[in-house]
Structures are given as structure tokens and as C-alpha cells.
2 protein chains.
Amino acid sequence: MPDDIDRIIQKSYEACASAGVKLTDKRKNVLMVLLGSSTPLSAYEIVERYKIQFGETLPVMSIYRMLDFLIQEKLVHKLETASQYMSCAHIACEHQHETPQFLICDRCGSVKEIAIKKHIMTELERSIQSTGFTLAHQQLELHGVCKHCQDNSVPAN
Amino acid sequence: MPDDIDRIIQKSYEACASAGVKLTDKRKNVLMVLLGSSTPLSAYEIVERYKIQFGETLPVMSIYRMLDFLIQEKLVHKLETASQYMSCAHIACEHQHETPQFLICDRCGSVKEIAIKKHIMTELERSIQSTGFTLAHQQLELHGVCKHCQDNSVPAN
DNA sequence: ATAAGATATGATATAACATAACACCATAAT
DNA sequence: ATTATGGTGTTATGTTATATCATATCTTAT
């Protein structure tokens with residue numbers, strides 16, 4: 001759970017404003033749901049939590065649209081390998097967005113977002129370019145077991 | 001389309017035999033469907049092609065089970081980011097299976113399986129271990145545009 | 001202030017991907 | 001020959017995602 005949700009929301013408003021798009025209340029609420037979760041959530045789980053947190057049941061179609069918006073504005077990431085969504089860990093950071101790399105724990109479902117080392121990415125790109133391929137999304141998703149689950153031998157879910 | 005399907009099938013039989021499991025006719029046929037496709041296929045697409053190639057309609061449930069088997073025996077890969085399946089490019093190779101890396105063209109859907117450079121993987125692992133995380137599946141899926149589509153400006157699908 | 005247009009959301013239906021649970025049959029092991 | 005195992009079929013259902021059209025709300029020009 002992020003330290004300072006208010007500050008992140010504030011930053012999100014600013015980012016949207018400078019992109020000329022609107023962070024509506026519902027979009028903001030969806031972002032808040034994600035910010036309040038320690039694990040990434042599916043669109044359907046967002047519907048449930050939205051209802052609990054804000055007392056309103058949104059159609060899943062709307063959630064998908066809002067997620068698309070938030071992803072577009074780089075406030076949310078989609079984990080393709082898990083079909084789940086999570087808030088970007090760097091909304092309130094000053095530094096530039098780099099290639100995100102997600103370490104997904106297959107036991108507890110938690111995800112750590114770390115920035116991939118510049119030179120590793122450069123090498124990856126180089127070895128890829130030699131095949132004529134051009135990278136697009138630039139996002140790595142790696143599965144494994146997090147420190148906490150290793151220490152506690154939590155069973156896989 | 002692989003050069004020599006017969007040889008790959010032969011190797012697959014040998015691999016299964018030495019693992020003490022059986023490559024049944026239907027499992028072999030599913031593998032043949034994948035070997036005959038230039039792009040990865042979904043389970044439902046395999047049902048369709050199986051029918052065309054072998055004149056029999058298998059329930060998708062059975063296809064999923066056969067895919068599980070083939071994946072277990074490392075004859076087939078699942079592309080998690082695309083929910084599609086493809087035959088391993090290295091069934092008939094002598095060299096050891098390394099960390100596979102898939103370059104997925106978002107325009108034509110073709111996929112190139114290349115082995116990630118040893119030292120890049122080592123570096124990735126090192127930077128990950130510093131977070132306490134332990135890697136599991138070790139498979140990279142990278143999206144972009146293949147050489148052919150760049151040259152021909154094929155529209156995205 | 002209001003109409004026209006644009007953007008955001010709601011509602012309904014359906015497509016696409018995946019698994020659970022149980023039945024049946026063939027073959028292998030005893 | 002009997003039993004155990006593994007492979008496949010069948011049915012039902014769960015999960016993720018998109019298409020389409022309707023409605024609401026917001027903006028902006030007049």
C-alpha cells in the first residue's frame with residue numbers, strides 16, 4: 001500500500017491535465033482501488049472492490065474502458081501473463097519512466113515492479129535487433145517466488 | 001514450417017520414451033498441427049485445424065490436456081501473453097534447452113523463438129536476486145514488429 | 001441559456017479462453 | 001482374469017475480454 005495516496009492522486013491529476021485528458025471521479029476511484037491493493041487485480045476483482053469501497057456497482061465493460069485509459073496515461077500497468085492490472089509504482093517519482101520489469105510471485109501473487117538495468121536492456125535490444133525485430137511494449141514479466149514466500153514456505157495458489 | 005517434421009516427430013517419440021510417458025496418436029497429431037503452423041495457435045484454433053487435418057473433432061478439453069502433456073515434455077511452449085501455443089523450435093536440436101525468448105510480432109502474429117544470451121540471462125538473474133526473488137519459469141516474451149512486417153507495412157491485426 | 005457535438009458511462013449480449021468433475025474404455029501389472 | 005492406471009470423452013461452469021448500441025454529461029459556439 002503506497003505511503004501517500006493523496007500525493008499520487010495529485011500527481012495523476014497533473015499528468016492527465018498536461019496530457020489534455022481528464023481523470024474523472026470514476027477513473028480516479030479505479031486507480032484508488034489499485035493503489036489500495038497489495039496485489040494486482042483482475043477487472044472483475046476491481047468491480048468487487050469498487051463496490052465495497054465506493055458503494056457502486058460498475059459494469060465490467062466500464063472498468064475495462066477506465067483501465068484502458070489509465071494504461072494509456074501510464075498510471076496503470078497490465079500484467080499480460082496474469083491478466084491483471086496494477087498501479088504504476090512510479091507515478092509520484094520524478095525520474096523518467098524506464099522499461100518496467102515485473103517480478104511476479106506465483107505463490108502469493110504479489111508483484112514487485114523494478115526498473116530493468118539500462119545496459120541489460122540495451123544488450124537485450126541489441127541481440128534482438130540482429131534478427132531484424134523491433135521491440136514495442138518493452139515490458140518484462142518474470143515469474144518466481146518472492147522472498148517472503150521462500151522464508152515462509154507459503155503453498156502455491 | 002519445419003524442414004523435416006518426420007524427424008522432429010521421431011525425436012519427440014524418443015524424448016517421451018526416455019521420460020517413460022507415451023506420445024499417443026492424438027498427442028502426436030496435436031503436435032503435428034502446431035508444427036504445421038507458421039504462427040502460434042489457440043486451443044480452439046487447434047480444434048479447427050485438427051478437424052481439417054485429421055477429420056476428427058476433439059473436445060477442447062482434450063486439447064488442453066494434450067497441450068499440458070506436450071508442455072510438460074517440453075515439446076510445446078505456451079505464450080502467456082497471447083494465450084497461444086507453439087511447438088518448441090528445438091525439439092530436434094542436440095544442444096541443451098536454454099531459456100527461451102519469444103519475439104512476437106504484433107502485426108502478423110508470427111513468433112520467433114531465440115535463445116537468450118547466457119550472459120544477459122545471468123545479469124538479469126543477478127539483478128533480480130538482489131531483491132530476494134527467485135526466478136521460476138524463465139521465459140521472456142517480447143512484443144514488437146518483425147522484419148517482414150516492417151518492410152511491408154502490414155497493418156496491425 | 002441553449003443547441004450541437006464530443007466524451008464518458010451504462011446495459012446487454014456474446015466471444016474467447018480455461019478448468020472442474022465425473023464417466024468410460026483400453027492397456028499394463030499383478 | 002482382475003485390478004489399477006492413464007488417456008479420452010462429456011457436460012457444466014468459471015474467467016477474461018470485446019462488440020454494440022443507448023444514455024448521460026460536459027464543452028463550446030452562438
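In what follows, chains carry the letters A, B, and so on, assigned in the order in which the sequence lines appear, proteins first and then strands, with residues in each chain numbered from 1.
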Check residues 52-62 of chain A and write down every donor-acceptor pair under 3.5 Å in which the side-chain atom is one partner and the other belongs to a residue at least two apart or another chain.
residue  : atom : partner  : partner atom : Å
Glu56(A) : OE2  : Lys26(A) : NZ           : 3.2

Lys22(B) side chain N/O closer than 4.0 Å to the phosphate oxygens (OP1, OP2) of dT8(D)? no
Find the distance between OG (Ser87(A)) and CG (Leu31(A)) and round it off to the nearest 0.5 Å. 6.5 Å
Donor-acceptor pair under 3.5 Å, Tyr44(B) side chain vs dA18(C) base: yes
Using a cut-off of strictly less than 4.0 Å, decide whether Thr24(A) has a side-chain nitrogen or oxygen near OP1 or OP2 of dA8(C). no
Shortest non-hydrogen pair, Gln84(B) vs Ser42(B), comes out as CG-N, 4.0 Å
Which whole-number value in Å describes the distance from Gln72(A) CD to dT7(C) C1'? 15 Å
To the nearest angstrom, the NZ-C1' distance between Lys26(A) and dT23(D) comes to 12 Å
Whole angstrom is fine here: how far is it from NZ in Lys28(A) over to P in dT9(C)? 12 Å
Between dG7(D), dT9(C), dA18(C), which one does the side chain of Tyr85(B) approach most closely? dA18(C)
So what does Arg65(B) touch, heavy atoms closer than 4.0 Å: a base, only the sugar-phosphate, or nothing? base
Name the closest nucleotide to the Ser62(B) side chain, picking from dG9(D), dA18(C), dT9(C). dG9(D)
For Asp25(A) and dC26(D), what is the distance between atoms CG and P respectively, to the nearest whole Å? 10 Å
Nearest whole angstrom, please: distance from the C1' of dT15(D) to the CD of Glu48(A). 12 Å
Checking dT10(D), dT8(D), dG10(C) against the side chain of Pro59(A) (C-beta onward), the nearest is dG10(C)
Distance in angstrom units between Leu58(B) CG and dT10(D) P, rounded: 10 Å
Using the rule given for side chain to side chain contact (heavy atoms under 4.5 Å, CB included), can you reason through Leu124(B) versus Gln101(A), listing the C-alpha separation, both sets of side-chain angles and the distance that settles it, and then say yes or no? CA-CA 10 Å; Leu124(B) 257 181; Gln101(A) 177 178 326; 3.8 Å; yes
Out of dT9(C), dG7(D), dA11(C), which nucleotide sits closest to the side chain of Arg27(B)? dG7(D)
Please tell me if Ser83(B) has a side-chain N or O lying less than 4.0 Å from either OP1 or OP2 of dA16(C). no
What's the CG-P distance between Asn29(A) and dG10(C), to the nearest Å? 11 Å
When you check the side-chain N and O atoms of His119(A) and Glu123(B), is any donor under 3.5 Å from an acceptor? yes
Counting only side-chain nitrogens and oxygens, does Ser42(A) get under 4.0 Å of the OP1 or OP2 atom of dT16(D)? yes
Given dG9(D), dT16(D), dT20(D), identify the nucleotide with an atom nearest to the side chain of Met61(A). dT20(D)
I need the OH-P distance between Tyr64(B) and dG14(D), as an integer number of Å. 17 Å
